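Numbering starts at 1 and runs along the sequence shown. Here the structure is a predicted model, which means the values were calculated and not measured.
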Amino acid sequence: MWKKRGKKLAQKRKKIGIAAAAVIVAAAGSTLIYHNLPQTKVEKQLTLAAKYMTEMNYLEAQEAYTEALSIDEGSVRAYRGLADDYAAQGQLDEAAEILHQGYETTQSEILLQNYCATVLNSVVEHVNEKTAGLDDIRSCLTVLKSDPDNESVRSVLENCVQQVTVQEDTASLMLDELDGTSDFDEYADVAEKLLGLAEKDSSYQEAAYRFIIPKAQKIYLSLSHRDSWKKLVERAQALGDAEADGILACLSKQQEISDYFAPMFEAFEQEGYEAARNFIVTDQYKAIRDAFINRTMEYWTGNTYVPVTKEAIVFLLTDDGWKFSFVEDDSLAQPSGTIRVLGQKMEDLGVQRSSIEYVPAYDPAAYYPHTEYEIVYWNTMVSGIATDNTNVVSRMNYRFAKKTYTAEGSSAEMIYDWGGENEKRQKE
């Protein structure tokens, strides 16, 4: 009887042992499932990344955050952590990019706000370092596109625009480089976006105005971009930019002057000296010359002599408003030829004297030899041609000469010498 009872007890214990083993196996299986859950794996990588960040092991942290995102691309914490990792390494552009990617994936408002703040901080850093460029203005516009109600953008944008467009009181973003490269297309694209923004929201008009017509004493413009820039100025004028009227008046005068001197350029370039000789005696040329001599010229400014070129102009902010002059400085724009109008009043024996010159293109690095042409409204008594002082002979001639400059000196070759309307001859 005891034997049977012992046998039953042994069987019962065996069953209990099997049940216990089953519980242990089940528990182990649950642990295995838990550790293999995606969220658990993500949490493990985030914990590891946080540890690396504390230790400033940024590359290891970057790998951990990247691994977390490979498991769950919707992890907001992983995007923020990876952005913090880039920012800690000074890579703000990369930080902004990952935050924007995270926002597009998750639509998380937290990521959006972090993205906007990171972008604007990057722009402010560039402004403070005085390295801001067109891309920084684009960054501000991108923030506004993502977050139209962002209240921090406008002041950052205005400061960025001022620095990008003006350097030491000079604006030259619309002036091509001497090697022919140009930023104008990129400039015009940003200008279009700013104008579009200003047309929708008047609080951004000031930024648009300052980008189209920079707050500078000098604004340079390559004439190849004249018509495109004029359209931008006209749009700014329509929005109410007070500077636009003066600039457009200058552009109108510049076009008038360029059109007027175009045949003169052609005559000189083709060595049509007779046409050049006839040009200086026209009423329109004399009116231009006298406007400079009497200081009554509107919008076009100059002093001793006034250059006309075909490549670029500079707008000058004066006490009387905007005026312009043609750019002759070959370090800014290489002229293909320059016509110089004398704008200084000189009188000999009561008879006015003035001149016009033409300088063909030459290599500034190889100054000698080069050739210039000069038409002078010339007083022959002063020049020594007339010598009868008793009867006061004051003969006024137009002298047209070709001058050649070499390292040894200069020489002149007379092309024409003819009388003018003010010529005075000896009385009979």
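- Shown here is M56, whose CE atom has no more than 12 heavy atoms of other residues, nucleotides or ligands within 6.0 Å.
- Although no hydrogens or angles enter the test, the distance criterion places a donor-acceptor pair under 3.5 Å between the side chain of T309 and the main chain of V327.
- Around atom CD of E168, no more than 12 heavy atoms belonging to other residues, nucleotides or ligands sit under 6.0 Å away.
- For Y260, the ring-ring contact (aromatic ring centres under 6.0 Å, His included) partners two or more places apart in sequence, or in a different chain, are F279.
- When atom types are taken as modelled, the side chain of Y285 and the backbone of F261 share no donor-acceptor pair closer than 3.5 angstrom.
- Distance alone, capped at 3.5 Å, is enough to place a donor-acceptor pair between the S139 side chain and the D135 backbone.
- Ion pairing of R77 with E43 is present here, as a side-chain N (NZ or NE/NH1/NH2) and a carboxylate O approach within less than 4.0 Å.
- Heavy atoms from other residues, nucleotides or ligands lying under 6.0 Å from NZ of K218 number 12 at most.
- A heavy-atom distance below 4.5 Å is not found between the side chains of T142 and V119.
- Ring geometry for F400 versus F268: interplanar angle over 60°, hence perpendicular rather than tilted (30 to 60°).
- More than 12 heavy atoms of other shown residues, nucleotides or ligands fall within 6.0 angstrom of atom CD in Q113.
- Two residues are said to be in side-chain contact when any heavy atoms from C-beta on lie closer than 4.5 Å; L342 and R289 fail this criterion.
- In the displayed structure, D179 atom CG is contacted under 6.0 Å by more than 12 heavy atoms of other residues, nucleotides or ligands.
- Side chain of Y187 to main chain of F211: a donor-acceptor pair is present (N/O by atom type, distance under 3.5 Å, no hydrogens or angles).
- With salt bridges taken as basic N to acidic carboxylate O contacts below 4.0 Å, one links K253 and E256.
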| said: I'd like to know whether N278 forms a side chain to side chain donor-acceptor pair (under 3.5 Å) with E274, so could you lay out the CA-CA distance, the side-chain angles of the two residues, the decisive distance to 0.1 Å, and finally the verdict. | reply: CA-CA 6 Å; N278 294 336; E274 186 172 353; 4.6 Å; no

| task | I would like to know whether D85 and Q89 meet side chain to side chain donor-acceptor pair (under 3.5 Å); could you show each step before the answer? | result | CA-CA 7 Å; D85 182 284; Q89 298 178 70; 2.6 Å; yes

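- Under a 3.5 Å cut-off, the side chain of W229 and the backbone N or O of I212 do form a donor-acceptor pair.
- Between D189 and K193 there is a salt bridge, since at least one side-chain N of the basic residue sits less than 4.0 Å from a carboxylate O of the acidic one.
- For the pair N159 (side chain) and S155 (backbone), a donor-acceptor distance under 3.5 Å is present.
- In this structure, F326 and F324 have perpendicular ring planes: the angle between them is above 60°, well past the 30° mark.
- The number of heavy atoms from other shown groups lying within 6.0 Å of CD (Q107) is above 12.
- Partners of H126 by ring-ring contact (aromatic ring centres under 6.0 Å, His included), not counting sequence neighbours: none found.
- In this structure, Q205 contributes its side chain and D201 its backbone to no donor-acceptor pair below 3.5 Å.
- In terms of modelled atom types and a separation under 3.5 Å, the side chain of H225 and the main chain of S222 share no donor-acceptor contact.
- Between R235 and E192 there is a salt bridge, since a side-chain N of the basic residue sits under 4.0 Å from a carboxylate O of the acidic one.
- Between Y405 and Y368, the distance from one ring center to the other does not fall under 6.0 angstrom.
- Between E104 and Y115 the shortest side-chain heavy-atom distance does not fall below 4.5 Å.
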| field | Verdict with reasoning, D320 to T318, per side chain to side chain donor-acceptor pair (under 3.5 Å) | value | CA-CA 5 Å; D320 298 323; T318 71; 4.9 Å; no

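- Under a 3.5 Å cut-off, the side chain of S258 and the backbone N or O of Q255 do not form any donor-acceptor pair.
- Other residues, nucleotides and ligands place no more than 12 heavy atoms under 6.0 Å from the CD atom of E97.
- Within a 6.0 Å sphere centred on NZ of K44, heavy atoms belonging to other residues, nucleotides or ligands number 12 at most.
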